[in-house]
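For reference, the structure discussed in these notes is given below.
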Amino acid sequence: MSDQTRNPRAGRAPKGTRTVAVDALARVEGEGALYVRVRDGEVEDIKFRIFEPPRFFEAFLQGRRYMEAPDITARICGICPIAYMMGASQAMEDALGLKVTGPLRDLRRVVYCGEWIESHVLHAAMLHAPDFLGLQDSLLLAKQNPALVEKALKLKKLGNEILETIGGRAVHPVNLRVGGFHGMPRKKAVRALADRLEWGVEASRDLAKAFSAFDYPDFDQDTISVSMRHPDEYAICEGRIVSDQGLDIAVADFLTHFEEEHVAHSNALQGHMKGVGPYLVGPIARYNNNFKQLSRLAKATAKECGLGPKVTNPFKSILVRMIETLYACEESLRLVKDYEEPDASCLVAKDRAGVGHGCTEAPRGICYHRYALDGEGRITKATIIPPTAQNQKQIEADLLGVVKKNLDLSDEDLKWRCEQTIRNYDPCISCATHFLDLRVERV
Amino acid sequence: MAKGKTNSGPRKPKLAVWKFSSCDGCQLSLLDCEDELLTVADSVDIAYFLEATRAELPGPYDVSLVEGSISTPHDAERIHKVRRQSKLLVTIGACATSGGIQALRNFKDLDPFINAVYAHPEYIDSLAKSTPIQDHVKVDFELRGCPIDKGQLLEVINALLNGRKPNIATHGQCIDCKRQGNVCVMVAHGQPCLGPVTQVGCGTLCPGCQRACYGCFGPTETPNTASLARWLGDRQGHGKREVKHLFRGFTGYADAFRKESEIHE
């Protein structure tokens with residue numbers, strides 16, 4: 001708790017007028033801020049702010065060729081570039097009338113599983129787990145439990161190895177394109193992943209079970225889970241957009257039901273469901289909506305970890321991430337074992353004017369893209385709605401609940417609990433944010 | 001790396017990692033050194049690294065790694081604070097070394113850009129240009145790439161901790177393609193490739209996937225961009241706009257690429 005040495009006010013009884021300013025929220029990539037005002041023991045105001053410098057992707061995509069969109073949008077996020085590359089590619093394929101099937105579709109699912117593994121393990125083991133143990137970071141966790149952290153690092157590396165084998169590079173892969181892949185992922189290299197994936201299934205089970213022994217804050221939220229759903233598989237790359245309240249729409253209708261709002265206290269755009277309000281995307285939403293489609297082992301492991309078919313405690317997202325990691329290892333193992341090289345590494349389209357939509361399940365939730373193209377295949381309008389923007393209001397709602405429930409904590413402990421709450425969603429708000437400064441004002 | 005840890009033996013160097021406008025991919029490259037991370041963490045005190053830890057040690061720092069470009073008035077001030085606290089300042093990645101993909105706005109008026117993305121432009125506080133760190137403070141070493149190569153990152157950290165100059169090659173991609181026996185995508189397949197004018201570092205990944213280099217590592221020291229542009233135009237038949245966009249990518253605001261793209265405006 002070394003932050004207490006930095007903050008002389010920490011630990012003081014919550015009375016009188018005071019403001020606590022802290023420099024940064026760590027293990028969340030990017031900078032943002034949380035402002036809480038408490039009057040006479042009641043939360044009066046709460047604002048979750050975002051400071052990520054605007055980067056204007058949707059503006060400078062205008063005029064660029066459709067083929068450039070996957071590589072350019074990948075740079076929105078270094079942790080989940082595949083989500084952007086795949087969403088952009090599928091939107092372009094939609095506009096150009098291409099349908100990627102067979103081994104190319106399988107490879108896309110495998111490389112996406114690689115991103116889930118890499119991102120989930122980084123998020124759960126390296127960035128989120130230390131919160132549950134009162135540790136500043138995973139390197140301290142490595143001193144306490146070296147075997148656990150070494151296993152996590154090896155599993156994260158396996159995710160990156162999938163990205164490198166099929167995508168050519170772990171961060172901002174080079175081999176993905178509209179229509180498929182630039183170079184043919186070779187059968188020998190792809191199938192060679194199988195041994196490590198078999199290990200990965202066991203390793204993710206071990207991590208899930210280890211994390212299930214943590215003390216979880218008693219906190220349940222009544223949320224609307226929104227995710228993709230596919231008739232034949234646990235949805236990752238394709239499907240319709242559904243909610244646990246009966247919504248069931250095509251990807252192309254996303255903007256009819258959801259919109260982004262630009263609020264004064266934040267740089268990031270906040271999403272909400274029209275006429276409804278906040279909603280949840282990400283691992284818990286996927287799990288709640290598509291639990292039945294998980295593998296038998298994933299379901300059994302969830303049960304062993306104390307999870308039912310519906311999760312309402314956002315702090316348990318760390319467990320759901322490990323269940324999804326387990327599933328991603330099994331699923332990619334199944335696909336790489338049978339991989340045969342197709343005749344061509346990609347489908348090619350003729351330029352034409354049109355509008356296309358794409359949506360995939362980024363590690364942190366659905367990521368929507370829409371592009372309009374002119375007759376030369378140049379982008380005339382781009383809209384991208386990343387998962388973190390969609391979760392902003394839900395994060396704010398969770399923070400309100402957590403603060404209300406924990407007003408007896410010292411400012412420093414409350415700050416940490418709020419950080420942990422945000423990390424239930426995101427260690428990586430760089431696609432929509434940047435975190436810096438937590439203020440609790442008790443009036 | 002624990003704060004307040006008392007060690008016998010010499011003081012460990014303090015390493016800090018700072019983020020400005022970026023995607024976080026370059027600092028992630030440090031966490032992606034799965035096999036080496038715990039060793040690195042034993043050799044240094046990680047004094048400030050928001051992506052990895054809540055713990056913070058006060059400056060001065062022996063080595064600061066800086067990711068991201070300067071794109072807001074707040075960041076333009078913050079980078080000076082970082083410089084003042086750092087003995088050695090190393091920029092990592094295309095954003096920090098050349099302004100990044102977000103520097104594409106430097107070629108346009110900012111206002112229409114803000115209007116295109118945000119409903120309330122008045123809430124947005126942004127500089128007209130996204131600029132590299134060396135435009136604001138002295139930089140001791142720059143590591144290129146979009147993203148950086150993790151092997152090169154380990155070499156830089158290792159070299160600086162041992163008081164030697166990092167061994168980072170600065171020649172063009174073409175030389176490495178020849179060494180590795182890659183088929184030339186330009187000659188054999190007529191693809192528009194930036195390899196002849198782009199610094200090595202990635203391991204010629206793109207030609208290895210049968211695609212043209214798109215310049216992640218920025219221009220070489222003396223790139224002949226004019227000759228490449230002529231080849232792309234006269235021999236390959238690409239239009240001015242294509243040539244302009246090719247140079248105007250992830251390192252498009254690096255001097256040599258910026259100037260060449262402006263010729264094809």
Side-chain angles (χ1 to χ4, degrees), chain A residues 2-3 5-6 23-31 53-56 58-60 62 64-65 68 71-72 75-79 81 122 126 136-140 142-143 149-150 153-154 156-157 160 168-172 174-175 177 181-183 261-262 264 267 269 419 427-428 430 434-435, chain B residues 1-4 19-29 31-32 34-35 37-38 41 46 49-56 68 71-72 74-75 100-102 104-105 108 110 112-114 116-120 123-124 126 130 146-147 202 205-206 208-211 214 216 242 245 249-250:
Chain A
S2 42
D3 274 354
T5 58
R6 200 180 68 237
D23 298 334
L25 175 61
R27 283 184 274 125
V28 170
E29 280 187 88
E31 296 167 19
R55 292 170 74 208
F56 307 108
E58 289 145 314
F60 60 64
Q62 288 174 21
R64 305 293 294 218
R65 296 262 306 152
E68 297 183 282
D71 292 322
I72 291 178
R75 269 67 179 180
I76 292 174
C77 177
I79 294 190
L122 172 76
M126 308 299 291
Q136 301 283 351
D137 55 48
S138 62
L139 301 169
L140 289 173
K143 302 271 185 231
V149 173
E150 279 162 22
L153 282 169
K154 196 174 161 192
K156 177 166 126 30
K157 186 180 177 186
N160 281 335
R169 179 158 71 183
V171 179
H172 304 327
V174 297
N175 196 31
R177 55 165 282 172
F181 298 87
H182 288 278
E261 185 187 356
H262 189 191
N267 254 1
L269 303 165
E419 289 185 17
C428 147
S430 76
H434 202 58
F435 221 66
Chain B
M1 71 143 288
K3 182 155 120 176
K19 174 190 154 78
F20 288 82
S21 182
S22 65
C23 78
D24 298 88
C26 290
Q27 43 175 325
L28 178 64
S29 299
L31 296 177
D32 275 353
E34 291 97 355
D35 296 335
L37 184 63
L38 298 179
I46 297 183
F49 185 9
L50 283 190
E51 190 174 316
T53 177
R54 301 181 83 235
E56 285 174 45
S71 69
T72 65
H74 172 71
D75 282 353
I101 189 71
Q102 59 273 19
L104 289 185
R105 74 176 192 235
K108 300 264 172 66
L110 184 61
F113 267 46
I114 296 179
V117 181
Y118 294 98
H120 293 284
Y123 300 159
I124 298 299
S126 204
S130 162
C146 185
C202 62
L205 288 177
C206 285
C209 297
Q210 294 91 54
R211 74 175 290 194
Y214 56 91
C216 293
E242 254 58 52
H245 280 175
F250 303 102

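As the structure is a computational prediction, the values presented were derived from the model and not from experiment. The chains referred to below are lettered A, B, ... by the order of the sequence lines, with proteins before strands, and numbering in each begins at 1. The figures that follow rest on heavy atoms only: side chains count, while hydrogens, waters and symmetry mates do not.
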Residue selection (most heavy-atom pairs with chain B, distance under 4.5 Å) from A/Lys154, A/Lys156, A/Glu58: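 When all of A/Lys154, A/Lys156, A/Glu58 are compared, A/Lys156 has the most.
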Just do the side-chain contact (heavy atoms from CB on, under 4.5 Å) check on B/Tyr214 and A/Val174 with the steps written out, would you? CA-CA 10 Å; B/Tyr214 56 91; A/Val174 297; 3.7 Å; yes
Do any N or O atoms from the side chain of B/Lys108 and from the backbone of A/Ala59 form a donor-acceptor pair under 3.5 angstrom?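 Not at all, since once roles are kept as given, no pair shorter than 3.5 Å links the two residues.
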For the candidates B/Cys209, B/Gly100, B/Ser29, B/Cys26, which exhibits the highest count of non-hydrogen atom pairs separated by less than 4.5 Å from chain A?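 When all of B/Cys209, B/Gly100, B/Ser29, B/Cys26 are compared, B/Cys209 has the most.
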Chain A: which of B/Gln210, B/Glu34, B/Glu242 shares the most heavy-atom pairs with it under 4.5 Å?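 The answer is B/Glu34.
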Mind checking what makes side-chain hydrogen bond (donor to acceptor under 3.5 Å, both in side chains) contact with A/Gln62, not counting sequence neighbours?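 Partners of A/Gln62 under the side-chain hydrogen bond (donor to acceptor under 3.5 Å, both in side chains) test: none.
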From [atom1] ([X]) to [atom2] ([Y]), nearest 0.5 Å:
X	Y	atom1	atom2	answer
B/Leu50	A/Asp137	CG	CG	12.0 Å
A/Arg55	B/Cys23	CZ	SG	6.0 Å
B/Ile101	A/Asp71	CD1	CG	9.5 Å
A/Glu150	B/Leu38	CD	CG	6.0 Å
B/Arg54	A/Glu419	CZ	CD	4.0 Å
B/Leu37	A/Leu153	CG	CG	6.0 Å

For a 4.5 angstrom cut-off between non-hydrogen side-chain atoms, does B/Thr53 reach A/Leu139?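 Answer no - side chains too far apart.
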Check against side-chain contact (heavy atoms from CB on, under 4.5 Å), B/Cys216 and A/Arg169: CA-CA 12 Å; B/Cys216 293; A/Arg169 179 158 71 183; 3.4 Å; yes
Less than 4.5 Å to any heavy atom of chain B: does that hold for the side chain of A/Arg64, its backbone, both, or neither?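 Both parts, backbone and side chain.
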Who are the ring pair (Phe, Tyr, Trp, His ring centres under 6.0 Å) partners of A/Phe60, not counting sequence neighbours?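 In terms of ring pair (Phe, Tyr, Trp, His ring centres under 6.0 Å), with neighbours along the sequence ignored, A/Phe60 is linked to A/Phe57.
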Please report the shortest heavy-atom distance between A/Gly168 and B/Leu205, naming the atom on each side.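 Closest approach of A/Gly168 to B/Leu205: O-CD2, 3.4 Å.
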Return the minimal non-hydrogen interatomic distance between B/Asp32 and A/Ala170, and the atom names on each side.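 Residues B/Asp32 and A/Ala170, closest heavy atoms: OD2-CB, 4.4 Å.
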